[in-house]
J.: 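One structure, as structure tokens, below. Some questions next.
Note: hydrogens, waters and symmetry copies are ignored here, and every other heavy atom, side chains too, is used. Quick note on labels: first sequence line is chain A, next is B, and so on, each numbered from 1.
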2 protein chains.
Amino acid sequence: MTKARVTVIDIAKAAGVSKSTVSLVLQGSSLVHEGTRSKVNAVMRELGYVYNRGAANLRQAGAKSRIVGVVVNDLTNSFFAELAVGVDMVVQSAGFVQFLSNTSESIDRQREVVASMREHGISGLIVSPARATDAADFKPLVAAGIPVVVVVRNLPGAKVSSVVSDNRAGMMSAVEHLAELGHKRIAFLGGFPDTAVFDDRLAGYRSGIEAAGIDYHQELVISSAPSRAGGVEAIGKAIVLADKPTAAVCFNDAVAFGVCDGLRARRLEPGSDFAVVGFDDVIEAQAAVPALTTVSVDPQGIGRRGAQLLLKQINAGKAEAETVITAVRLVVRESCGARKSVKVETGL
Amino acid sequence: MTKARVTVIDIAKAAGVSKSTVSLVLQGSSLVHEGTRSKVNAVMRELGYVYNRGAANLRQAGAKSRIVGVVVNDLTNSFFAELAVGVDMVVQSAGFVQFLSNTSESIDRQREVVASMREHGISGLIVSPARATDAADFKPLVAAGIPVVVVVRNLPGAKVSSVVSDNRAGMMSAVEHLAELGHKRIAFLGGFPDTAVFDDRLAGYRSGIEAAGIDYHQELVISSAPSRAGGVEAIGKAIVLADKPTAAVCFNDAVAFGVCDGLRARRLEPGSDFAVVGFDDVIEAQAAVPALTTVSVDPQGIGRRGAQLLLKQINAGKAEAETVITAVRLVVRESCGARKSVKVETGL
DNA sequence: TGACAGAATTGGAACGTTCCAAATATTTTG
DNA sequence: CAAAATATTTGGAACGTTCCAATTCTGTCA
């Protein structure tokens, strides 16, 4: 057990050069003689030197720690796990490492986590903000010159970059698809109305029915928690309307699954008796029964785009807030009734 | 945009005390007078001070950075995502943050990632090692006094702590369950034979059939990649045996899903025509058709246990290698044929 | 050969914190 | 009230790196 850490000074001593030269080697400077460089490298290997980024970071004040913080609200949700993987891919290949934390939708936790990351000197932050995050919450970060990229959920009013999926277009295509299948009474179920994502998706819904020549009916928009339980609740309200809907687009897949549960509890089969479309295309969507028709959003792609944007801003020193909207596409499976339940898995 | 960072010296100046006193306040020392403490705290808030852990860390050489590294081989797999969440829970509440990285089973990536984490001064490492990781690979870490906890897959020969599920007991209970259902020819399908996990699960299989008074037949053990495709391959070999099996325990759920695919491709229905049992209880297992009977391992629990063990070792300064085996339990669903396919979801 | 340019190297000083030993203020005690 | 004990506070000197300006080495050219 080696007690003393090997430092740049030990290397210098052993290689017969000064610490400055070793430092130059470390930074790959072209100023050092080829022979010296290789000797120093050899000694470093031999003594088992490990670079102390903390110390380096301290000196080059404000410069880059090569750490990016990643904050998501639910890593258990495969959507966010994929997102984190996407971020990791680009971040890692740029020689950065990621600090990843999970807020579980808790705004206090988010604050703690971000503060902690800041203490550790992150060079940038990618965050999928917890619900009800204050737009001003990341103000201090950007004021300190730390770029912030918001993903998945945008933060209207905050002057930060964001990468979100095309919620409007996605929901619109879902509605149009249902209209093409002949549905006239299409409900919009689930989601909290106080969020930007909700607004976007609802706007897409309205454009969709308008494009299909259907009138908008206020009572067909039923909000609820964006969860499975919320879906059950929403379909419960929808089904007792005087003029019942025959189809629904849901705020997200979780709600859609809940809607399916609620339909079954009323002896209605999703797909054949009532068309259901989700949003997100979580991993369970294709394995479910019936397989869920949904809008696929490629969380990994969002992660990659977000990371790229962040790295760009980090390198640029300071960049303007920028918004990226990633494309989505409707994946037609069974729950919309367009296809019979054909359970053939290739597997080969 | 504040150009200059606020330091402990600025606080000291503004509060009319010395930097040492500020430092004492920072550390919550009981040496400082109550009045002084609150004044300093007030000034810190006012000036927007942010603690520089890097600098602190530099001084208390070797001491704790309050960063733990977490390395998994596939974050996309919900099993590992859950694990990471478990780690995050305990690590976060202990005031640590986690560096999380994904190796995608690449041993080079693993090496890079671990090296990078080390440069950043992690106080401990939790790793689910990529396949074929050399037992000696973490030697330098522990030599430097950085505790390492290996999870999920153990590393025989490495002198590090580990937290693994009870593979032996789990597989044994799966086999016993099938035997109770009347099966005599039970195959063991999938997995790479060069891994410790494989050995354990196979040993459990052997104990299980022995306990049931069934003879062991070499040809019923068919290894393959531990993936869906591997499962298809393995069942393909099993089904053409002279004396066909009527049931199979699989190396993991992915293999089990592949086995189901392969059965269907041969017009056999998993559950009724052939019993299939998986291992892991991934999130898709209960939503699949038929719902998969499998051995549930609680990855989040493993994450928590691993983190606790790591923190213990970090606090102890140095601890002996310790092995924790977490309990598993068989979850009986449909694919073993014990139950009819009853599709009732409560949802409420 | 001496001056000069370029290449390679180098000794501090700094970064923001913690630690130590020592100094000062406050209280207690005989 | 002096001395002793206790409670607070405090200036440096670290920690391991990078940066700067300055230095020492090379060779080149007139």
J.: Measuring from A/Ile107:CD1 to A/Asn73:CG, what's the distance to the nearest 0.5 Å?
T.: 11.0 Å
J.: Treating primed atoms plus P, OP1 and OP2 as sugar-phosphate and everything else as base, which nucleotides of nucleotides 17-25 of chain D get B, S or - for protein heavy atoms under 4.0 Å?
T.: BBB------
J.: Report yes if at least one side-chain N or O of B/Ser18 is closer than 4.0 Å to OP1 or OP2 of D/dT9; otherwise report no.
T.: no
J.: When rounded to the nearest 0.5 angstrom, what is the spacing between CG in A/Leu31 and OG in A/Ser20?
T.: 12.0 Å
J.: Nearest whole angstrom, please: distance from the P of C/dG16 to the NZ of B/Lys13.
T.: 12 Å
J.: side-chain hydrogen bond (donor to acceptor under 3.5 Å, both in side chains): which pairs involve residues 145-154 of chain A, sequence neighbours left out?
T.: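 The answer is A/Glu105-A/Arg153.
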J.: How long is the line joining CZ of A/Arg37 and C1' of C/dT9, in whole Å?
T.: 13 Å
J.: Looking just at side-chain N and O atoms, do A/Glu112 and A/Ser116 make a donor-acceptor pair shorter than 3.5 Å?
T.: no
J.: Without decimals, in angstroms, what is the distance between A/His33 NE2 and D/dT26 P?
T.: 10 Å
J.: Nearest 0.5 Å please: distance from the CD1 atom of A/Ile67 over to the OG atom of A/Ser123.
T.: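 Reported to 0.5 Å precision, the distance equals 6.5 Å.
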J.: Take atom CG of A/Leu31 and atom C1' of D/dT26, then tell me their distance rounded to the nearest Å.
T.: 15 Å
J.: Can you see whether A/Ser38 engages A/Glu34 through a side-chain donor-acceptor pair at a distance of less than 3.5 angstrom?
T.: no
